[in-house]
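Here is the structure we will look at, set down as structure tokens.
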Amino acid sequence: MTYDVIVAGGGCAGVAAAVASARTGAKTLLIERNGCLGGAATMRNVATFCGLYTLGEEPRRVVNGVGGDILDRLRNMGALSPPQRFRGVFAPFDPEALKLVLDELCADAGVEVLFNLQITGAERENGRICSVATAGHGGAQTFAANAFVDCTGDGDLAAFGGAATRYGNPDGVNLGTLGTRFGGIAPGTEVLAADYAQAVHSLYPNGTDVTKDKSVMIRVPISGDLIAFVASAAYDPRDAVSQSRAEANGRAQAWRYLAALRTLPGCENAYLVSTGPEFGTRESRHIEAQRSFTWADIEARRHFDDCIAIGAWGAEWHDRETYKSSFDYPPERGSYQIPLSCLASRDTPNLFGAGRLADGDRRAGAAIRVMGTSLATGQAAGCAAALAAENRFDARATQDLLRAQGAFLTAEETVAA
Ligand SMILES: Cc1cc2nc3c(=O)[nH]c(=O)nc-3n(C[C@H](O)[C@H](O)[C@H](O)COP(=O)(O)OP(=O)(O)OC[C@H]3O[C@@H](n4cnc5c(N)ncnc54)[C@H](O)[C@@H]3O)c2cc1C
């Protein structure tokens with residue numbers, strides 16, 4: 001089975017890549033190991049977009065194109081909350097609505113989606129990736145294409161296909177955390193992060209039974225359920241033993257966090273709706289791209305001739321040693337340009353990476369990994385791959401396709417929230 005473009009992984013980056021590629025007319029296959037699209041948004045309880053809006057007093061939306069279409073469809077279903085400000089600007093959504101929206105968006109664009117297939121290998125020929133191997137209940141299957149986009153978050157396709165990758169960055173790898181969703185909170189109850197942290201402290205004063213106390217408190221639309229990111233673990237997702245320990249330990253902690261929540265007024269009848277279901281890996285492999293995007297680029301608000309997306313999130317770092325979190329804002333809490341060269345493999349000309357495996361240094365990577373920005377880098381990688389499939393890849397042509405698809409490429413195009 002041969003395609004123009006194969007996209008590996010159906011999270012925010014992968015869906016945007018596949019839809020963008022298919023909208024150029026390229027025959028596009030999206031392979032997802034789970035039974036639904038959305039990645040962390042639907043499988044890790046990360047039910048709120050970051051990176052869509054600048055973080056100043058008057059936020060501006062910096063992501064459009066496929067991302068804009070997703071927001072419109074969620075809004076039409078009453079499944080998207082207006083932007084909310086904590087340390088950043090968040091846009092919570094209902095994950096079940098997102099699953100449907102992403103299915104429909106892919107179908108409308110003509111993307112062929114295959115669920116429940118895990119990419120387990122990739123063949124390389126003459127310095128290019130030529131096919132991927134998958135495993136499913138039907139056994140092993142191989143799919144060939146002219147160009148590939150790795151949106152697995154863990155860089156599976158790139159690594160299996162012999163492209164240059166690295167795990168995290170030499171000065172650190174962002175900590176993983178289990179997203180936990182609680183229901184049964186009395187209507188009108190506001191749960192403040194500081195109150196929750198105090199409740200966790202009071203119940204577990206020596207901190208040995210739980211790993212973190214501070215989290216944003218996200219309330220999702222429709223259900224009003226509360227999502228917190230607390231139980232954390234410094235595991236390596238490439239190592240099944242260490243990830244398995246994290247999963248089981250995180251689930252055990254979730255019940256302790258529930259007990260702490262129940263001590264707050266209005267939360268006495270709270271219950272666990274879901275843990276994960278998967279532990280949330282913030283950072284894993286990065287593709288080694290033609291350029292590594294740096295925090296210095298963001299601080300300088302560097303102009304890139306090959307700009308393909310606008311970022312707005314800060315360097316959100318969750319430390320593996322201390323389990324403490326920090327957040328560095330971009331200059332003036334404004335937007336910055338993201339270059340195509342941080343998505344294009346440096347040694348495999350028909351391979352692109354997007355979302356959290358885009359090439360960034362410790363702080364830039366921690367800024368551009370979020371889902372709003374992943375929608376934008378995914379769309380860019382999809383357009384670039386569609387061009388590469390016809391040996392027509394260059395930055396200017398990618399920008400032309402992105403503009404035709406409604407993506408924002410300059411700060412001037414961004415719109416008031
Ligand atoms: C605890 C936590 C809290 C976060 N909070 C926020 C937040 O509030 N807002 C925000 O915007 N971002 C947040 N993030 C970051 C965000 O979730 C990710 O950076 C973002 O989802 C990256 O998108 P992606 O498409 O690159 O990867 P993912 O969302 O991880 O998607 C990758 C997809 O690839 C699939 N896949 C993986 N390997 C294979 C394979 N071998 N074969 C086939 N399919 C495969 C996976 O099943 C998955 O669907 C948070 C992350 C964590 C862990």
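Remember, it's 1-based here, ligands and their atoms both numbered in the order they're listed.
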With a 4.0 Å cut-off on N to O distance, would you call [X] and [Y] a salt bridge?
X: Glu96; Y: Arg181; result: no
X: Asp108; Y: Arg73; result: yes
X: Glu316; Y: Arg369; result: yes
X: Arg23; Y: Asp69; result: yes

So, does [X] sit close enough to ligand 1 that a heavy atom of it is under 4.0 Å from the ligand?
X: Cys12; value: yes
X: Leu117; value: yes
X: Asp154; value: no
X: Cys151; value: yes

Donor + acceptor pair across side chains of [X], [Y] (<3.5 Å):
X: His201; Y: Asp213; answer: yes
X: Asn45; Y: Ser274; answer: yes
X: Asp236; Y: Ser242; answer: no
X: Ser244; Y: Tyr235; answer: no
X: Arg124; Y: Thr348; answer: yes

Determine the interplanar angle of the Phe352 and Phe393 rings, folded into 0 to 90°, and report it as parallel if under 30°, tilted if 30 to 60°, perpendicular if over 60°.
->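 Correct class here is perpendicular.
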
Identify, for [atom], the protein heavy atom at the shortest distance, and state residue, atom and that distance.
atom: atom 19 (O) of ligand 1; value: Arg369 O, 2.6 Å
atom: atom 5 (N) of ligand 1; value: Val46 CG1, 3.4 Å
atom: atom 31 (O) of ligand 1; value: Gly11 CA, 3.5 Å
atom: atom 41 (N) of ligand 1; value: Asp156 OD2, 2.8 Å
atom: atom 34 (O) of ligand 1; value: Gly9 CA, 3.2 Å

Side chain to side chain donor-acceptor pair (under 3.5 Å) evaluation trace for Arg282 with Thr177 | CA-CA 8 Å; Arg282 285 196 178 81; Thr177 300; 2.8 Å; yes

Mode of [X] contact toward ligand 1 - side chain, backbone, both, neither (heavy atoms, under 4.0 Å):
X: Ser374; answer: side chain
X: Thr177; answer: both
X: Thr48; answer: both

Looking at CD of Gln405 and OG1 of Thr24, how far apart are the two atoms once the value is rounded to the nearest 0.5 Å?
->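 Between Gln405 CD and Thr24 OG1, I get 7.0 Å after rounding to 0.5 Å.
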
Has ligand 1 got any nitrogen or oxygen that is less than 3.5 angstrom from a nitrogen or oxygen of [X]?
X: Ala13; value: yes
X: Ile119; value: yes
X: Arg356; value: yes
X: Arg282; value: no
X: Glu32; value: yes
X: Gly355; value: no
X: Phe90; value: no
X: Met371; value: yes
X: Arg33; value: yes

Option with minimal heavy-atom separation from atom 28 (P) of ligand 1, where the choices are Ala40, Gly153, Ala8 =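 Result: the heavy atom closest to atom 28 (P) of ligand 1 is in Ala40.
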
Does NZ in Lys99 sit with more than 12 non-hydrogen atoms of other residues, nucleotides or ligands closer than 6.0 Å?
->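 Yes, the 6.0 Å shell around NZ holds more than 12 heavy atoms from other groups.
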
Using a 4.0 Å cutoff against the non-hydrogen atoms of [X], which atoms of ligand 1 qualify?
X: Val370; answer: 10 (C), 11 (O), 12 (N)
X: Gly39; answer: 29 (O), 31 (O), 48 (C), 49 (O)
X: Gly280; answer: 53 (C)
X: Asn34; answer: 47 (O)
X: Gln118; answer: 41 (N), 42 (N)

Under 3.5 Å: donor-acceptor pair, side chain of Tyr204, backbone of Thr211 |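 Flag not set: sc Tyr204 to bb Thr211 has no pair under 3.5 Å.
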
Could you tell me whether Phe327 and Trp313 have their ring centroids closer than 6.0 angstrom?
->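 That pair passes the under 6.0 Å test.
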
Could you pull out the closest heavy-atom pair between Leu117 and Ile31, with the gap in Å?
->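 Where Leu117 meets Ile31 most closely, the heavy atoms are O-CG2, 3.5 Å.
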
